[in-house]
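Keep in mind that what you see is a predicted model, and the values were worked out from it rather than measured. Heads up: numbering here begins at 1 and tracks the sequence.
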Amino acid sequence: MATNNHLVIMAGGVGSRFWPMSTEECPKQFIDVLGTGRTFLQMTYDRFEGICAPEHTWVVTNRLYFDIVRQQLPEIPAENILLEPCRRNTAPCIAYVSWRIKSTDAKANIVIAPSDHLVTDTTEFKRVVAQCLKFTQENDAILTLGMKPTRPEIGYGYIKADLSASSTRNKEIFRVDSFREKPDLETAMEYIKDKSYFWNAGIFIWNVNTIVNAFRIYQPTINRIFESMLSIYGTPGEQEEIDRRYPECESISVDYAIMEKAEEIYICPANFGWSDVGTWGSLLTHTQKDVFGNGVIGKNISLFDTHNCIVHTTQEKKVVIQGLDGFIVAEKDNTLLICKLSEEQRIKQFQNDQQ
């Protein structure tokens, strides 16, 4: 394990896509969606064991979630939990934590990871991340991981790689040709036929000096805010100043702010069973299914004449289901959801109507 490897987990999302389990008070990254006994946040931390030490692990989250993060990751120092006073997308988040890390480790090598994604092959994941960290330690380069597509997915952004020649330092790393927005189905099917397109997983790797210099060049307004606070990082006045200055930042993703503008951008195509598990339907695809296509998470569940359903009932109630095909059945506390998988997008509208 390199002593200057740092892990940044972005955990500020407030979405409730797995309602009723997830809510704005306790969103997806803090719940045990897969029924493994570990939340998405904890599984993200676990997969970096042996790559980044606990004292070099940072979580950037909304100030509302400090206690949840502290409870779920007691291994990391409390001062490594950085609190956003408001949502400003990923660019300000990354600029803040990069300058915070630079204040204590001027040669830091950083991997940025979302807190709510799934990786099924952790051995391959660690191999890929370790070699990418070695690459950015030795090169002034911004590196992103590209997932090899398995279907014409319209819910992900794509990265087109220049596969004509790999990096001389690493045969698995290539230059990025372009970033592509979420496509329509016809375009996604064309991407699948072209082996140079990869899903954008939002996992970035770089040296701290590389990324702060990129902010200086491409986002000078955002950069000035965080560079000006260099002397107060790690002091009792840090949070107060962040609360005051953070809202000044433009709300912009790091993809728009840096990745689509910078020149030395590289991609490492990878295949370690990645998914952002953003819907109940995607959870079903990543759950062990019975012979009738049902994915069941919970101990006290009986199914009869039921097919292609995802059932998530982990509390103590006895659950008996008969005659459903293609449904979501999920419960949390006093709320029970029964919904067609094909109508999942209407759940959010229902929640809004109830407020």
Would you say NZ of Lys317 has more than 12 non-hydrogen atoms from neighbouring residues, nucleotides or ligands within 6.0 angstrom?
yes

CD/Glu24 to CG/Asn62 distance, rounded to the nearest 0.5 angstrom?
10.0 Å

Qualifying residue for salt bridge (charged side-chain N to carboxylate O under 4.0 Å, His left out) with Glu227, from Arg245, Arg100, Arg216:
Arg216

In terms of heavy-atom contacts, Thr90 and Ser253 come closest through OG1-CA, 3.3 Å

If you compare all heavy atoms of Ser103 against all heavy atoms of Tyr233, which two are closest, and at what distance to 0.1 Å?
OG-CB, 3.6 Å

Only one of Lys318, Glu331, Lys332 clears side chain to side chain contact (heavy atoms under 4.5 Å, CB included) with Thr313; which?
Glu331

Shortest non-hydrogen contact from Cys309 toward Leu284
O-CD1, 3.6 Å

Please examine the side chains of Asn139 and Arg169, heavy atoms only from C-beta on, and report whether any two atoms are closer than 4.5 Å.
yes

Which atoms form the tightest heavy-atom contact between Trp206 and Ile94, and what is the distance?
CZ2-CG2, 3.6 Å

Basic-acidic side-chain contact under 4.0 Å: Arg244, Glu240:
no

Hey, does Cys268 have a side-chain heavy atom less than 4.5 Å from the side chain of Val128?
yes

Among the clusters formed by ILVMFWY side chains lying less than 4.5 Å apart, do Tyr256 and Val254 turn up in the same one?
yes

With sequence neighbours excluded, residues passing ring pair (Phe, Tyr, Trp, His ring centres under 6.0 Å) with Tyr45
none

Using 30° and 60° as the class boundaries, would you call the ring planes of Phe226 and Tyr96 parallel, tilted or perpendicular?
parallel

Would you kindly confirm whether Trp58 and Val111 end up in one hydrophobic cluster when ILVMFWY residues are joined by side chain heavy atoms under 4.5 Å apart?
no

Nearest non-hydrogen partners of Pro92 and Cys249, listed with the distance
CG-CB, 3.8 Å

Report yes or no: do Tyr65 and Leu41 belong to one cluster of Ile/Leu/Val/Met/Phe/Trp/Tyr joined by side chain heavy-atom distances under 4.5 Å?
yes

Find out whether Pro152 and Glu186 are in side-chain contact, i.e. whether some heavy atom of one side chain is under 4.5 Å from a heavy atom of the other.
no

Apply the side chain to side chain donor-acceptor pair (under 3.5 Å) test between Asn109 and each candidate in Thr210, Asn209, Asn4, Thr136; give the one that qualifies.
Thr136

Just do the side-chain hydrogen bond (donor to acceptor under 3.5 Å, both in side chains) check on Gln42 and Asp46 with the steps written out, would you?
CA-CA 6 Å; Gln42 291 169 321; Asp46 293 346; over 6 Å; no

Does any part of the side chain of Ile192, heavy atoms only, come nearer than 4.5 Å to the side chain of Arg151, both counted from C-beta?
no

Ile81 with Phe48, same ILVMFWY side-chain cluster at under 4.5 Å:
yes

Rounded at 0.5 Å granularity, tell me how far CD in Glu75 sits from OG1 in Thr57.
9.0 Å

Taking side chain as C-beta onward, heavy atoms only, is Phe18 less than 4.5 Å from Val277?
yes

When you look at Val329 and Leu336, which way does the side-chain contact (heavy atoms from CB on, under 4.5 Å) test go after all the steps?
CA-CA 7 Å; Val329 179; Leu336 172 66; 4.3 Å; yes

Contacts of Tyr191 that satisfy ring pair (Phe, Tyr, Trp, His ring centres under 6.0 Å) - sequence neighbours left out
Tyr158, Tyr197

Does the side chain of Tyr156 come within less than 4.5 Å of Ser275's, by heavy atoms?
yes

Please report the shortest heavy-atom distance between Glu264 and Asp140, naming the atom on each side.
CB-O, 3.8 Å

CG of Asp177 to OG of Ser164: how many Å apart, nearest 0.5 Å?
9.0 Å

Side chains of Gln315 and Asp333: any donor to acceptor distance under 3.5 Å?
yes

Verify whether one side chain among Ser178 and Lys160 offers a donor that lies under 3.5 Å from an acceptor in the other.
no

With a 4.5 Å cut-off on side-chain heavy-atom distances among I, L, V, M, F, W and Y, is there a chain of contacts connecting Val319 to Phe292?
no

